[in-house]
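Side chains are part of it too, since the values below use all heavy atoms of this structure and drop only hydrogens, waters and symmetry mates. Chain letters run A, B, ... following the sequence lines, proteins first and then strands; every chain starts at 1.
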Amino acid sequence: MSSFADKVYALCKRIPWGNVSTYKDIGKAIGSSGMIYRAVGVALKHNPHAPIVPCHRVVASDGSIGGFHGQTSGPFIAKKIALLKEEGVLVKNGKIVDFEKKLYRLA
DNA sequence: ACCATGACGCACA
DNA sequence: ATGTGCGCCATGG
């Protein structure tokens with residue numbers, strides 16, 4: 001995989017159980033320009049390691065779920081929400097409850 | 001090598 | 001508080 005995407009996946013796996021992270025923080029953790037969260041989204045969208053990489057723990061900076069399985073909404077998103085719920089991360093109206101609290105800062 | 005797209009983020013109206 | 005527009009990076013055709 002491209003170095004960039006590889007780092008993204010590594011960081012995703014590095015997110016602790018019950019915690020979540022944002023594309024922005026991941027980008028910062030990588031150490032690039034800082035506005036690379038765009039590429040981060042693309043990388044996760046490609047997500048070649050679907051179940052191996054806990055991409056469902058990655059959410060938008062405002063606490064929105066963002067997307068899953070290449071879709072911004074749909075049954076897959078519901079599945080993602082359910083997964084997070086099982087990890088103790090409740091999602092209300094598409095937004096994570098106590099988002100800042102459960103947010104894991106890698107950078 | 002160039003153009004177009006995207007699971008985002010922030011500024012502005 | 002809500003809606004719309006623009007900008008950034010990396011990847012794919």
Handout entry: Exam field: side chain A/Lys13 to backbone A/Ile52, donor-acceptor pair closer than 3.5 Å
Key = no
Exercise for the section: Could you state whether A/Phe76 and A/Val58 fall into the same hydrophobic cluster, counting links through intermediate Ile, Leu, Val, Met, Phe, Trp or Tyr residues with side-chain heavy atoms under 4.5 angstrom apart? Expected result: no
Problem - Backbone of A/Ile96 reached by a side-chain donor or acceptor of A/Lys102 within 3.5 Å - result: no
Problem - Per-nucleotide protein contact string for nucleotides 6-13 of chain B, where B marks a base within reach and S marks sugar-phosphate only (heavy atoms under 4.0 Å, - for neither) - result: BBBSS---
Handout entry: Expected output: side-chain A/Ser2 to main-chain A/Ala5 donor-acceptor under 3.5 Å
Key = no
Exercise for the section: Measure the spacing between CD1 of A/Ile30 and CD1 of A/Ile36 and express it to the nearest 0.5 Å. Expected result: 4.5 Å
Handout entry: Partners passing salt bridge (charged side-chain N to carboxylate O under 4.0 Å, His left out) against A/Glu100 (at least two apart in sequence or in another chain)
Key = A/Arg105
Exercise for the section: Would you mind checking if A/Glu87 and A/Arg57 are paired as a salt bridge, meaning a charged N to carboxylate O distance below 4.0 Å? Expected result: yes
Problem - Interatomic distance, A/Lys7 NZ vs C/dA10 P [rounded to whole Å] - result: 10 Å
Handout entry: Donor-acceptor contact below 3.5 Å, side chain A/Tyr9 vs main chain A/Ala43
Key = yes
Completion exercise
note: A/Ile30, atom CD1; C/dC8, atom P; distance rounded to Å ~ 19 Å
Exercise for the section: Could you list by number each residue of residues 86-102 of chain A showing a heavy-atom separation from DNA chain B of less than 4.0 Å, or answer none if no residue does? Expected result: none
